[in-house]
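Here is the structure we will look at, set down as structure tokens.
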Amino acid sequence: MDDLIQRAAKDLAAAKNVVALTGAGISVESGIPPFRGKGGVWEKIDPMEYAHIDAFLRDPAKVWNVLIKEMKGVVDRAEPNDAHRGLARLEEMGILKTIITQNVDGLHQAAGNTDVIEFHGNFAWQKCLDCGNRCETSQINTEQIPPRCHCGGIFRPEVIFFGELIPPQHLSRSQLVASQCDIMLVMGTSAVVQPAALMPVISKQSGAKVIEINPERTPLTGTISDYIIQGKGGEVTNQIIAKLEKLIQ
Ligand code: APR
């Protein structure tokens with residue numbers, strides 16, 4: 001692994017425009033469970049029954065009780081971990097420009113990254129289905145399920161449910177930055193959900209190097225990725241940053 005860490009540090013030191021694509025795995029060390037694989041949320045509940053917009057509209061109380069309330073508890077307590085802090089350090093070094101994240105936990109911004117495309121929205125805000133009034137998730141009283149706006153309408157999180165479109169402005173900007181980067185750093189994603197998983201393909205086709213950081217291989221491994229560093233996001237990022245600090249001294 002050490003030679004791959006050294007190789008990644010050298011690649012990043014020589015890079016001018018790095019973009020990262022992150023997924024739920026980068027927040028696992030912050031106590032937020034992933035969706036797939038060991039301890040994955042979708043191993044316990046069916047995403048089509050609880051994370052599809054049609055399911056939410058059909059029975060908002062059920063989705064609030066089983067999925068959203070749980071998520072609120074976990075996200076409220078979560079803090080950035082070494083992987084988030086490492087990406088913030090890469091931005092400070094002028095190496096990392098943009099993060100395309102599939103996560104809705106806001107931890108990249110909390111760690112200090114300033115250009116984060118929230119591909120699947122953000123859990124920090126709720127919106128009334130009727131009048132469009134917004135309310136911070138932290139202010140929602142989950143004693144009353146589903147939570148209601150003062151107009152009587154039901155609140156929904158400003159995340160993208162299955163069955164909903166990725167906000168066009170996020171999709172187009174992600175495609176643009178993916179096509180312009182010289183390295184795409186893919187961290188903590190199973191790379192099975194489209195169109196997010198297409199971004200590293202766009203980068204590769206545009207001549208960028210694609211580096212994966214993940215304990216497990218993914219569909220990108222061996223096809224799109226130049227190499228994978230198989231390890232946990234926080235540990236791997238710490239080791240890369242330590243070598244990088246020496247290289248750019
Ligand atoms: N560090 C890095 N990666 C990790 C760690 C860790 N500590 N722990 C697990 N992983 C990896 C897993 O090996 C897996 O490849 O993180 C990945 C998590 O995959 P998913 O749970 O599928 O998360 P993600 O790829 O973000 O899912 C994409 O699916 O359900 C939708 O909208 C949801 O945004 C989500 C999308």
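Both ligands and their constituent atoms are indexed starting at 1 by order of listing. The figures that follow rest on heavy atoms only: side chains count, while hydrogens, waters and symmetry mates do not.
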Inset, instruction - Take Glu158 and Arg134 through the test salt bridge (charged side-chain N to carboxylate O under 4.0 Å, His left out) and record every step on the way to the result. - result: CA-CA 9 Å; Glu158 287 192 343; Arg134 297 176 75 221; 2.7 Å; yes

Legend entry - Chi angles and distances behind the salt bridge (charged side-chain N to carboxylate O under 4.0 Å, His left out) call for Arg85, Glu92: CA-CA 10 Å; Arg85 283 189 285 271; Glu92 270 171 14; over 6 Å; no

Inset, instruction - Dump the intermediate steps for side-chain contact (heavy atoms from CB on, under 4.5 Å) on Met71 and Val104, then the final yes or no. - result: CA-CA 10 Å; Met71 265 187 88; Val104 295; 3.7 Å; yes

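Contacts with ligand 1 closer than 4.0 Å are made by side-chain heavy atoms of Glu29 only, the backbone lying farther away. The part of Val193 lying near ligand 1 is the side chain, judged by heavy-atom distances below 4.0 Å. By the criterion of a heavy-atom distance under 4.0 Å, the side chain of His120, and not its backbone, is placed next to ligand 1.
In this structure, atom 6 (C) of ligand 1 lies nearest to the protein heavy atom Gly25 O, 3.3 Å. In this structure, atom 33 (C) of ligand 1 lies nearest to the protein heavy atom Phe35 CE1, 3.7 Å. Atom 26 (O) of ligand 1 has as its closest protein heavy atom Ala24 N, 2.8 Å. Residue, atom and distance of the protein heavy atom nearest to atom 17 (C) of ligand 1 are Gly188 O, 3.4 Å. Counting only heavy atoms of the protein, atom 28 (C) of ligand 1 lies nearest to Gln102 OE1, 3.2 Å.
Interface of Phe162 with ligand 1, defined as ligand atoms under 4.0 Å from a residue heavy atom, comprises 30 (O), 31 (C). Close contacts between ligand 1 and Thr189 involve ligand atoms 15 (O), 17 (C), 24 (P), 25 (O) [criterion: under 4.0 Å to a heavy atom]. Atoms of ligand 1 lying under 4.0 Å from any heavy atom of Pro34, numbered from 1 in the order shown and given with element: 21 (O). Which parts of ligand 1 touch Gly23 is read off a 4.0 Å heavy-atom cut-off, strictly below it: atoms 26 (O). Atom numbering of ligand 1 starts at 1 in the shown order; those under 4.0 Å from a heavy atom of Glu216 are 13 (O).
Here's the thing with Arg36: one of its N/O atoms is less than 3.5 angstrom from an N/O atom of ligand 1. Annotation: Val192 places no N or O atom under 3.5 Å from an N or O atom of ligand 1; distance criterion only. The shortest N or O to N or O distance between Gly233 and ligand 1 is under 3.5 Å.
A donor atom on one side chain and an acceptor atom on the other are found under 3.5 Å apart for Glu212 and Thr221. Residues Glu91 and Asn113 have side chains that bring a donor and an acceptor to within less than 3.5 angstrom of each other. In this structure, a donor-acceptor pair under 3.5 Å is absent between the side chains of Gln102 and Glu118. For the residue pair Thr101 and Thr22, a side-chain donor N or O sits within less than 3.5 Å of a side-chain acceptor on the partner.
Ligand 1 has Trp42 within reach: a non-hydrogen atom of the residue lies less than 4.0 Å from it. Heavy-atom separations between Pro215 and ligand 1 include at least one value shorter than 4.0 Å.
Seen from the ring of Phe123, Lys72 does not count as a face-on cation partner, given the 6.0 Å and 45° thresholds.
Distance SG/Cys128 to CG/Asn133: 6.5 Å, rounded to 0.5 Å. One distance of note links CZ of Phe56 with CZ of Arg156; it measures 7.0 Å at 0.5 Å rounding. The distance from atom CD1 of Ile95 to atom CG of Leu12, rounded to the nearest 0.5 Å, is 6.0 Å.
Nearest to atom 13 (O) of ligand 1 by heavy atom, out of Val28, Thr218, Asn214, is Asn214.
In this pair, His108 and His84 present their aromatic rings perpendicular. The plane angle is above 60°, beyond the 30 to 60° band.
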